[in-house]
Amino acid sequence: MIFHMTVRSYPMMRKTHLAARRAWRRLRPRLNSCFVGASSGPGHEDRSEDPSAVSAEKPPHTPVMLKEVLQYLDIQPAQVVLDMTFGGGGHTKAILSTVPEVTVLALDRDPTAISLAQQLAKEHFGRVKPMLGRFSELEDLLSNMNAKPGSIDAVLLDAGCSSMQMDEAERGFSLSKDGPLDMRMDGDRYPDMPCAADVVNTLDQQALASILTAYGEERHARKIASAIVEARRVSPITRTQQLASVVAGSFPPAVLYARKDRLNRPAHMATKTFQALRIFVNDELNELHAGLCAAQTLLKPSGRLCVITFHSLEDRLVKRFLRGDDLSNLDHFSQRKQGTKKENLSHEKSDGSLYWLPLQRKVITPEKDDVKENPRGRSSKLRAALRR
């Protein structure tokens with residue numbers, strides 16, 4: 001399966017994935033036969049979608065921290081920019097409208113996003129070059145375009161799930177909209193790639209708890225994993241709100257909305273479960289690491305990188321990559337391994353990475369007015385660096 005290929009290619013996640021990988025190996029021969037009904041039933045109906053079916057009534061994606069991105073990328077006329085997460089195209093459109101003669105290489109793994117990029121390419125002939133693929137596929141994609149290492153002036157990487165994906169119930173990313181429990185950012189590009197329904201209905205309790213702990217930083221991972229296993233014995237879990245109900249049912253009613261988001265609004269108890277499954281299904285942390293490595297290779301000396309993240313796992317990975325840390329295993333992203341005070345001070349005093357010079361000492365967060373206008377960007381963090 002695609003999952004095995006990516007984990008072997010990038011070793012940093014092997015330790016945390018051990019229980020899950022063992023479960024996949026044991027259950028893989030039965031996956032297709034056991035879940036034919038689930039894959040063709042109501043939980044997986046209409047996985048394919050019309051890429052042009054994005055609503056024209058409102059923008060599919062509101063770009064996060066647009067002003068800050070433009071400031072720190074400092075793009076000059078006629079430069080080449082790599083937008084590694086085109087999404088709804090908000091950042092790319094702003095770059096095209098503010099910088100003359102700039103060329104944008106627009107990458108995204110989501111076919112729906114690339115359809116939008118192709119439309120934009122028609123409006124800006126020769127200035128937008130869409131590329132369908134993952135970060136880990138970028139080297140091959142660029143080689144077909146004769147783009148060589150050290151040839152890019154600026155790189156933007158906006159990690160995580162786009163608003164466009166969250167708003168489409170059939171994509172299965174949102175717990176507030178009922179849809180098939182899918183969560184695959186690639187759509188149907190990889191038929192053998194497991195979706196979220198495959199994960200919750202196939203992996204054993206230990207593997208599920210491991211995923212929820214590692215990728216959702218969920219304190220109640222064992223309780224939730226147990227509830228999932230019990231529920232699927234009655235009926236396969238194939239819908240988003242079905243899973244949300246299973247998670248909610250494992251807690252007393254009084255604590256269901258005890259969690260608060262950054263705006264101090266009630267947050268559903270299943271939020272971290274959905275995050276964990278999405279990251280696992282799409283191998284997001286390994287892909288993020290691959291994207292950072294690609295940016296390091298592609299940028300010219302003094303080229304600029306901006307990375308936007310939306311949760312602590314992503315931000316820790318980016319922070320430590322830019323600092324030059326060894327990212328050979330997941331321990332570097334664990335909150336439990338923060339290092340001694342002496343070690344942390346030595347990091348602060350060191351010159352950091354041989355490859356990166358931070359453009360801002362502290363992480364950049366959105367302004368209050370921006371959060372009011374675009375609440376989904378409330379948890380975003382921006383790190384900007386100059387390629388040495």
Side-chain angles (χ1 to χ4, degrees), residues 61-77 79-87 89-99 102-107 135 138 150-160 162 284-285 287-325 327 332-333 347-371 374 376-388:
H61 176 66
T62 303
V64 175
M65 287 195 280
L66 179 59
K67 178 179 65 177
E68 292 83 353
V69 166
L70 295 176
Q71 173 189 342
Y72 284 102
L73 285 181
D74 191 26
I75 302 166
Q76 302 301 311
Q79 286 189 337
V80 179
V81 180
L82 173 59
D83 185 348
M84 298 184 73
T85 42
F86 179 82
H91 288 107
T92 288
K93 290 176 184 177
I95 292 170
L96 292 170
S97 64
T98 56
V99 186
V102 69
T103 299
V104 179
L105 308 180
L107 175 73
F135 301 149
L138 183 58
S151 64
I152 306 296
D153 296 289
V155 173
L156 170 63
L157 198 165
D158 185 357
S162 73
E284 289 182 33
L285 296 187
E287 283 296 319
L288 176 56
H289 182 242
L292 293 170
C293 291
Q296 185 167 287
T297 300
L298 293 167
L299 276 171
K300 295 177 178 179
S302 298
R304 292 177 174 238
L305 170 68
C306 282
V307 185
I308 301 174
T309 59
F310 289 86
H311 56 76
S312 57
L313 291 174
E314 292 173 339
D315 183 59
R316 284 198 292 271
L317 192 159
V318 174
K319 175 182 178 180
R320 291 167 186 180
F321 179 87
L322 295 177
R323 197 168 64 184
D325 285 3
L327 303 183
H332 288 277
F333 314 113
H347 274 302
E348 293 294 329
K349 293 180 180 179
S350 70
D351 291 332
S353 171
L354 295 173
Y355 301 100
W356 300 102
L357 179 66
L359 292 173
Q360 180 76 12
R361 183 178 178 85
K362 293 185 178 181
V363 69
I364 304 155
T365 55
E367 297 178 355
K368 290 183 178 180
D369 290 343
D370 293 334
V371 173
N374 182 19
R376 284 181 173 175
R378 62 190 177 275
S379 60
S380 60
K381 295 180 179 180
L382 171 65
R383 293 190 184 271
L386 191 75
R387 181 71 164 87
R388 291 183 187 270

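Counting from 1, the numbers follow the sequence of the chain as shown.
Proximity of Leu96 to Thr92: side-chain heavy atoms (C-beta onward) are separated by under 4.5 Å at one or more points. For the pair Leu73 and His91, the minimum side-chain heavy-atom distance is 4.5 Å or more. Looking only at side-chain heavy atoms (C-beta outward), Trp356 and Arg387 come within less than 4.5 Å of each other. In this structure, the side chains of Val69 and Asp158 stay at 4.5 Å or more apart for every pair of heavy atoms. Thr309 has its side chain out of reach of Val363: every pair of non-hydrogen atoms, C-beta onward, lies at least 4.5 Å apart. Taking the side chain as every heavy atom from C-beta outward, Glu367 and Glu68 approach each other to under 4.5 Å.
In this structure, Ser302 and Leu386 approach most closely via the heavy-atom pair O-CD1, 3.1 Å. When every heavy atom of Ala94 is checked against every heavy atom of Leu66, the shortest pair comes out as CB-CD1, 3.5 Å. The two atoms that bring Val80 and Ser151 nearest to each other are CB-O, 4.4 Å, heavy atoms only. When all heavy atoms are compared, the tightest approach of Ala384 to Cys306 is CB-SG, 4.0 Å. When every heavy atom of Ala159 is checked against every heavy atom of Glu314, the shortest pair comes out as CB-OE2, 3.7 Å.
Every residue meeting the side-chain contact (heavy atoms from CB on, under 4.5 Å) condition with Gln79, not counting sequence neighbours, appears here in chain and number order: Ile75, Gln76, Asp153. Applying the side-chain hydrogen bond (donor to acceptor under 3.5 Å, both in side chains) test to Arg304 and every residue at least two apart in sequence or in another chain returns nothing.
In this structure, CD1 in Ile364 is found 9.0 Å from CZ in Arg383, a value given to the nearest 0.5 Å. The CG atom of Leu322 sits 10.5 Å away from atom CG of Leu357, with the distance rounded to the nearest 0.5 Å. In this structure, the separation between CG on Leu82 and CD1 on Ile152 is 5.5 Å, given to the nearest 0.5 Å. Between atom CD of residue Glu284 and atom NE2 of residue His311 there is a gap of 6.0 Å, rounded to the nearest 0.5 Å. Here Met84 contributes atom CE and Leu305 contributes atom CG; the two are 8.5 Å apart, rounded to the nearest 0.5 Å. Taken to the nearest 0.5 Å, the CG atom of Leu298 stands 11.0 Å off from the SG atom of Cys293.
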- prompt: Run the side-chain contact (heavy atoms from CB on, under 4.5 Å) check on Leu107 and Phe135 step by step: do they pass?
  reply: CA-CA 8 Å; Leu107 175 73; Phe135 301 149; 3.9 Å; yes
Criterion side-chain contact (heavy atoms from CB on, under 4.5 Å) on Arg316 and Leu313, from CA distance to verdict: CA-CA 5 Å; Arg316 284 198 292 271; Leu313 291 174; 3.4 Å; yes
side-chain contact (heavy atoms from CB on, under 4.5 Å) assessment of Asn374 paired with Val64: CA-CA 8 Å; Asn374 182 19; Val64 175; 3.9 Å; yes
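In this structure, Thr85 contributes its side chain and Gly87 its backbone to no donor-acceptor pair below 3.5 Å. Without hydrogens or angle criteria, Ser380 side chain to Gly377 main chain gives a donor-acceptor distance under 3.5 Å.
Using a 30° and 60° split on the angle between ring planes, His289 and Phe321 fall in the perpendicular class, above 60°.
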